[in-house]
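Here the structure comes first, spelled out in structure tokens, and everything after it is commentary.
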Amino acid sequence: MNKEESKSIFLKIKKDDPKGLEELYSQYHKMVYGIAFSIVKNKEDAEDIMQIVFTKIKELDKTKLPSDKEITWLYTLAKNETLNYLKKKKGEVSLDTIYEIENKNNEIDEKIDTIKVEFVPGTYG
């Protein structure tokens, strides 16, 4: 999928077009599941996390959706929700454990490292 297609999908979501969320799920549910599974190593938990991510996007104030680097944002959201899920399920997750997670997609992490992320209190739950 190219940048224009992902921008188009997020624009539909911002306009409350139900096809936008359907397209986002269709194109990216495997990526979100893969991110979650690579961290939790459990099929059921990864499926739960995937559902949490897409529900959060559906319920999110549309003005908080990204206008640029949408897929990087989605990747970051999936990773953060996975870590939040682990914290809730198992208590605190140590940073040492997080850094032991095998990273198979260096390209995405390199792109994430180059962007500036601004966190707005209350945005993610």
- Ignoring hydrogens and angles, tell me if any N or O in the side chain of Lys30 forms a donor-acceptor pair with the backbone of Gln27 under 3.5 Å. no
- Message: Within this structure, what is the CD-CD1 distance for the pair Glu23 and Ile13, rounded to the nearest 0.5 Å?
- Response: 8.5 Å
- Would you list the pairs meeting ring-ring contact (aromatic ring centres under 6.0 Å, His included) in which at least one residue belongs to residues 3-27, sequence neighbours left out? Phe10-Trp73, Tyr25-His29, Tyr25-Phe54
- Message: For Thr72, is there any backbone N or O sitting under 3.5 Å from a side-chain donor or acceptor partner on Thr76?
- Response: yes
- Those residues at least two apart in sequence (or on a different chain) that pass side chain to side chain donor-acceptor pair (under 3.5 Å) with Tyr85 are Asp45, Asp48
- Query: So do the side chains of Asp68 and Lys7 get within less than 4.5 Å of each other, counting heavy atoms only?
  - Reply: yes
- Task: Give, for atom CD of Glu70 and atom CG of Leu74, the distance between the pair rounded to the nearest 0.5 Å.
- Result: 10.0 Å
- Query: Strictly by modelled atom types, are Lys14 and Thr63 linked by a side-chain donor-acceptor pair under 3.5 Å?
  - Reply: no
- Message: A side-chain contact here means heavy atoms from C-beta on lying under 4.5 Å apart; do Leu65 and Ile57 qualify?
- Response: yes
- Message: Can you tell me how far apart OG (Ser6) and CG (Leu11) are? Round to the nearest 0.5 Å.
- Response: 11.0 Å
- Exam field: side chain Lys62 to backbone Lys58, donor-acceptor pair closer than 3.5 Å: yes
- Task: Taking Thr55 for its side chain and Gln51 for its backbone only, find out whether a donor-acceptor pair lies under 3.5 Å.
- Result: yes
- Query: Looking only at heavy atoms, what is the nearest atom pair of Ala46 and Val40, with distance?
  - Reply: N-CG2, 3.9 Å
- Task: Determine whether Tyr28 and Leu60 fall in the same hydrophobic cluster, where Ile, Leu, Val, Met, Phe, Trp and Tyr are linked whenever their side-chain heavy atoms lie under 4.5 Å apart.
- Result: yes
- Item | Taking every non-hydrogen atom, the tightest pair across Ile9 and Gly20 | CG2-O, 3.3 Å
- Note on the structure: Looking only at heavy atoms, the pair that brings Ala78 and Ile35 closest together is CB-CD1, 4.0 Å
- For Glu47, which residues count as a salt bridge (charged side-chain N to carboxylate O under 4.0 Å, His left out) partner, sequence neighbours excluded? Lys43
- Find out whether Ile71 and Met31 are in side-chain contact, i.e. whether some heavy atom of one side chain is under 4.5 Å from a heavy atom of the other. yes
- Distance, nearest 0.5 Å, that separates OH of Tyr75 from CG of Asn80: 10.5 Å
- To the nearest 0.5 angstrom, please state how far the CD atom of Glu81 sits from the CD1 atom of Ile52. 6.5 Å
